[in-house]
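Some notes on the structure that comes next.
In what follows, chains carry the letters A, B, and so on, assigned in the order in which the sequence lines appear, proteins first and then strands, with residues in each chain numbered from 1. Below, all heavy atoms of this structure are taken into account, side chains as well, without hydrogens, waters or symmetry copies. Bear in mind that the values here come from a model prediction, so they are computed numbers and not experimental data.
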There are 2 protein chains.
Amino acid sequence: METRIERIKKHLHSSSYKLTPQREATVRVLLEHEEDHLSAEDVYLLVKEKSPEIGLATVYRTLELLTELKIVDKINFGDGVSRYDLRQEGAAHFHHHLVCIECGAVDEIQEDLLEDVEAVVEQRWNFKIKDHRLTFHGICYRCQDKDEE
Amino acid sequence: METRIERIKKHLHSSSYKLTPQREATVRVLLEHEEDHLSAEDVYLLVKEKSPEIGLATVYRTLELLTELKIVDKINFGDGVSRYDLRQEGAAHFHHHLVCIECGAVDEIQEDLLEDVEAVVEQRWNFKIKDHRLTFHGICYRCQDKDEE
DNA sequence: TTAATAAATTAAAATGATTGTTATTTAAAA
DNA sequence: TTTTAAATAACAATCATTTTAATTTATTAA
Ligand SMILES: [Zn+2]
Ligand SMILES: [Zn+2]
Ligand SMILES: [Zn+2]
Ligand SMILES: [Zn+2]
């Protein structure tokens, strides 16, 4: 945890940004909820528990900055809000998501899976891929079990 | 064109909805701009040219209805607006997108490409896939040519 | 055909997420 | 220490989308 914060601090410094207390509090919340897919409001409420003086706009600005630096990925599952996902350290690509249309759960796929597809796209469409977003909508294993009862 | 409208009309009827003049005007705009990825506002302005009395809320409701019936797909490229894409008739899956981070162009990939990946996901994650969203972000062929100059 | 009912629409207001503004604070540089 | 720049809080403003209430249109029943 602390070492990851240290690395993020260096990452900010190398782009001449500072890890202010507000930014650190925000990053800590993201680290403590790595499994989740928090909205800006979610992050704000969690940060507020420990640092009640922080403003929502600051959370937004911090998340924007972290997105710019590719420390987090911004993603949208079709409900009206953007969600923020810490990028795995050293991960070449953004991970994929499984969104259950019954219970709303969002599970993650860390494996790449797209290598072959991306090779085809780069060749056939002459498109230089920098990033991707892949989300599957369907029924999660939990809801399949429920349905069988 | 007319036959596609007819089929959409039947599709609505089979779910006991009517193809009102406002809905027809909206569908026509979508058909006339199949290549594009129009926002609700975009659709509204285009519909207004021929049917100035239509309201923005009606366009939103119509697009919502068409999305429910899977006549269009709602998609989000990360700017703050939802965009609406006519589904290819008979297409099993939603097509993929190439978003250029330099010029903003959005190109389409109609080929499936994901068959193998989806088989793996269904098996390994025990997830019943109903739909997907796949978007690549990168440099389009046009901008690559520009960069070489 | 006419009265009653339901569906769809308009226009306006409300909502909710996000962004911009301004004064203030904090940290770095001179 | 004084000066300057960066960051923040509090609030206002904006933008996309949804809701509401009144009206219109189409459908059904008498
Ligand atoms: Zn589920
Ligand atoms: Zn995730
Ligand atoms: Zn381009
Ligand atoms: Zn498309």
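One atom, CG of B/Leu56, and another, C1' of C/dA14, lie 14 Å apart when rounded to the nearest Å. A straight line from CD of A/Glu24 to P of C/dA27 spans 13 Å, rounded to a whole angstrom. Between the P atom of D/dA16 and the NZ atom of B/Lys74 lies a distance of 14 Å, rounded to the nearest Å. Taking atom OH of B/Tyr17 as the reference point, atom P of D/dT27 lies 16 Å away to the nearest angstrom. Taking atom OH of B/Tyr60 as the reference point, atom C1' of C/dT15 lies 13 Å away to the nearest angstrom. In this entry the distance linking NZ of B/Lys18 with P of D/dT27 reads 5 Å, nearest Å. Atom P of nucleotide C/dA8 and atom CG of B/Leu19 are separated by 11 Å, given to the nearest angstrom. The nearest whole Å value for the distance from the CD atom in A/Glu64 to the C1' atom in D/dA7 is 14 Å.
Which of D/dT8, C/dA17, C/dA8 sits closest to the side chain of A/Val81 comes down to C/dA17. Distances were taken from every side-chain heavy atom of A/Thr20 (C-beta onward) to each of C/dT21, D/dT17, D/dA7; the shortest belongs to D/dA7. If you check C/dA8, D/dT17, C/dT18 against the side chain of A/Ser82, the one that comes closest is C/dT18.
Remark on DNA chain D: of its neighbouring residues B/Ala57 and B/Gly80, the 5'-side contact belongs to B/Gly80, judged by nearest-heavy-atom nucleotide.
In this structure, B/Ser14 contributes its side chain and B/His11 its backbone to a donor-acceptor pair below 3.5 Å. A/Arg83 contributes no side-chain N or O that, together with a main-chain N or O of A/Lys74, makes up a donor-acceptor pair within less than 3.5 Å.
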